[in-house]
Participant: 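Please see the structure below; I have some questions.
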Protein chains: 2
Amino acid sequence: MKPSKPVVEDYLKTIYAHTEWQADAITPSALAVRLGLAPSTVTEMVKKLAAAGLVSHVRYGAISLTETGRAKAVAVVRRHRLVETWLVREMGYSWDEVHDEAEVLEHAISDRLLASIDERLGHPDRDPHGDPIPAANGSVRRERAVLLEEAERGHTGTVLRISDRSSALLRDLEASGIDVGSTVSVDEGAVLLGSTRVELPADAGTAIWLSA
Amino acid sequence: MKPSKPVVEDYLKTIYAHTEWQADAITPSALAVRLGLAPSTVTEMVKKLAAAGLVSHVRYGAISLTETGRAKAVAVVRRHRLVETWLVREMGYSWDEVHDEAEVLEHAISDRLLASIDERLGHPDRDPHGDPIPAANGSVRRERAVLLEEAERGHTGTVLRISDRSSALLRDLEASGIDVGSTVSVDEGAVLLGSTRVELPADAGTAIWLSA
DNA sequence: GCTACAGTTTCGGCATGCCGAAATCTGTCG
DNA sequence: CGACAGATTTCGGCATGCCGAAACTGTAGC
């Protein structure tokens with residue numbers, strides 16, 4: 001598989017991310033927001049991606065990945081998550097520091113180097129935030145998970161995944177004692193961790209996934 | 001020090017490389033050849049670099065680095081060589097395989113990650129090809145060295161440095177038993193390694209440096 | 001069934017980095 | 001000293017990725 005330009009990889013990765021834990025295809029405007037670009041820019045790029053067979057898109061409709069596009073996206077995600085895991089396990093990074101570094105390295109690392117890293121780490125299948133690391137063949141382990149925001153009050157589960165998007169949030173959570181693997185119950189705008197009630201920042205609702 | 005764009009780093013690195021083992025400033029045409037670009041492109045870019053205070057250049061003249069430019073160039077070289085050392089020492093690369101990977105990673109690695117790598121390796125001061133690794137403060141250990149091509153017949157010295165530019169050459173040399181640290185005598189279009197005469201590829205003359 | 005509006009696309013424009021052809025300069029040789 | 005060769009620069013052009021303003025769609029609500 002030929003490597004794509006960083007910009008293309010970012011588009012594919014973002015489209016993929018949108019469907020990883022939910023189901024629906026992404027709209028151009030949502031994609032623009034996620035990428036921090038103007039909608040018109042996204043329209044143009046999506047047209048090129050469609051011409052390249054990476055994405056399918058009908059005018060005024062939502063965007064989804066083709067098989068080829070999905071394969072490329074998964075490869076980028078694999079690189080990102082293996083790099084994050086490596087940074088934490090071997091290079092002395094904490095989990096809230098790895099995102100930006102991985103964001104750059106995911107576009108720079110060769111297959112050869114990635115294989116070395118994977119090997120050294122013993123082929124891990126989760127990164128430090130609980131995200132599944134796609135296998136080299138593109139298969140991704142999938143679990144039933146509920147976004148905290150969408151969980152009903154009283155729901156109890158273990159924290160399966162915490163988005164690495166905001167490092168401030170990760171530090172907050174760490175300070176509150178919430179980590180991947182913690183068991184919590186959902187309360188109104190907060191969460192019960194054992195017997196203590198923990199208030200959460202506003203963006204936690206869309207960043208934490210619990211087991212069903 | 002603000003990071004520069006990859007293109008700018010490549011220009012600075014190449015200008016620096018030209019003066020690292022010799023003395024004279026580089027001409028626009030030589031720079032164009034090294035970078036694989038048209039001379040007109042180099043002229044334009046050099047104008048921008050000069051405006052940014054990274055390079056000094058008078059019309060129709062040679063190009064040299066300002067103090068700021070040198071500092072940035074040295075930082076890139078440091079990243080490149082530390083990455084190469086890391087790839088060989090920890091990631092199972094051989095010395096002829098590291099160049100291309102380092103060429104990409106030198107633009108992608110943060111100061112934070114570089115510091116971790118440096119630390120893990122115990123602050124090495126040479127890379128696998130014998131090139132000095134600039135210190136974090138920008139100082140570079142310098143040795144008296146003679147380019148093989150310019151060494152007189154009969155000159156005997158140890159191999160201090162072998163350019164990593166051509167991996168084919170590195171493999172040839174390895175097969176011939178020539179490595180950094182080998183002691184050789186210069187003969188006509190060849191070299192004496194102990195008592196065996198070793199013919200060298202044409203490009204070896206500009207790739208190998210011997211102790212004076 | 002029609003209309004309004006939110007979302008999407010088109011269009012002209014801008015910056016960057018590159019190229020080739022043409023103009024210009026410099027140093028050298030006669 | 002003057003003209004030539006080779007190096008350098010200028011100039012017009014091209015591709016990419018981005019933007020804002022304006023034109024267009026499709027659907028939700030009346």
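Since we're looking at a predicted model, the values are computed, not measured. Lettering of chains follows the sequences in order, A, B, ..., and the numbering in each one begins at 1.
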Participant: How about B/Arg161 and B/Ile208: do any of their side-chain heavy atoms sit closer than 4.5 Å?
Facilitator: no
Participant: Between the side chains of B/Thr66 and B/Ser56, is a donor N or O closer than 3.5 angstrom to an acceptor N or O?
Facilitator: no
Participant: Atom CG of B/Leu31 and atom C1' of D/dT9: how far apart are they, to the nearest Å?
Facilitator: 15 Å
Participant: For B/Thr41, report the nucleic acid contact type (base, sugar-phosphate, nothing); a contact means any heavy atom under 4.0 Å.
Facilitator: base
Participant: Would you tell me whether A/His80 and A/Asp127 have side-chain atoms, one donor and one acceptor, within less than 3.5 Å of each other?
Facilitator: no
Participant: Does some side-chain heavy atom of A/Leu87 sit less than 4.5 Å from a side-chain heavy atom of A/Trp95?
Facilitator: no
Participant: Any side-chain donor paired with an acceptor under 3.5 Å for A/Glu9 and A/Ser4?
Facilitator: no
Participant: Strictly below 4.0 Å, N to O, side chains only: are B/Glu188 and B/Arg153 in salt-bridge contact?
Facilitator: yes
Participant: Using a cut-off of 4.0 Å on non-hydrogen atoms, how would the nucleic acid contact of A/Thr43 be classed: base, sugar-phosphate, or nothing?
Facilitator: base
Participant: Going by an N to O cut-off under 4.0 Å, is there a salt bridge joining A/Arg126 and A/Glu143?
Facilitator: yes
Participant: Taking the side chain of A/Ala38 as heavy atoms from C-beta outward, which of D/dG17, D/dG20, C/dC19 is closest to it?
Facilitator: D/dG20
Participant: Figure out the CE/C1' separation between A/Met45 and C/dT8, and round it to whole Å.
Facilitator: 18 Å
Participant: Along nucleotides 22-29 of chain C, 5' to 3', which nucleotides get a B, which get an S, and which get a -, given that the test is a protein heavy-atom distance under 4.0 Å?
Facilitator: ---S----
Participant: Classify every nucleotide of nucleotides 11-16 of chain C by which part a protein heavy atom approaches to under 4.0 Å, writing B for the base, S for the sugar-phosphate alone and - for neither, in 5'-to-3' order.
Facilitator: BB---S
Participant: Under a 4.0 Å threshold between the charged nitrogen and the carboxylate oxygen, would A/Arg81 count as salt-bridged to A/Glu106?
Facilitator: no
Participant: Is the shortest distance from a Lys or Arg side-chain nitrogen in A/Glu90 or A/Arg120 to a carboxylate oxygen in the other one below 4.0 Å?
Facilitator: yes
Participant: Between A/Ile26 (CD1) and C/dT8 (P), how many Å, whole number?
Facilitator: 10 Å
Participant: Decide whether a cation-pi geometry holds between B/Arg70 and B/Tyr16; the criteria are a distance under 6.0 Å from NZ or CZ to the six-membered ring centre and an angle within 45° of the ring axis.
Facilitator: no
Participant: Using rotation axes that map the C1' atoms of four end pairs onto the next four (five pairs an end), what angle separates the end axes of the helix from C/dG1-D/dC30 to C/dG30-D/dC1, to 10°?
Facilitator: 20°
Participant: Is the closest basic N to carboxylate O distance between A/Glu20 and A/Lys13 below 4.0 Å?
Facilitator: no
Participant: Starting from C1' on C/dT9, measure out to CG on A/Leu37 and report it in whole angstrom.
Facilitator: 16 Å
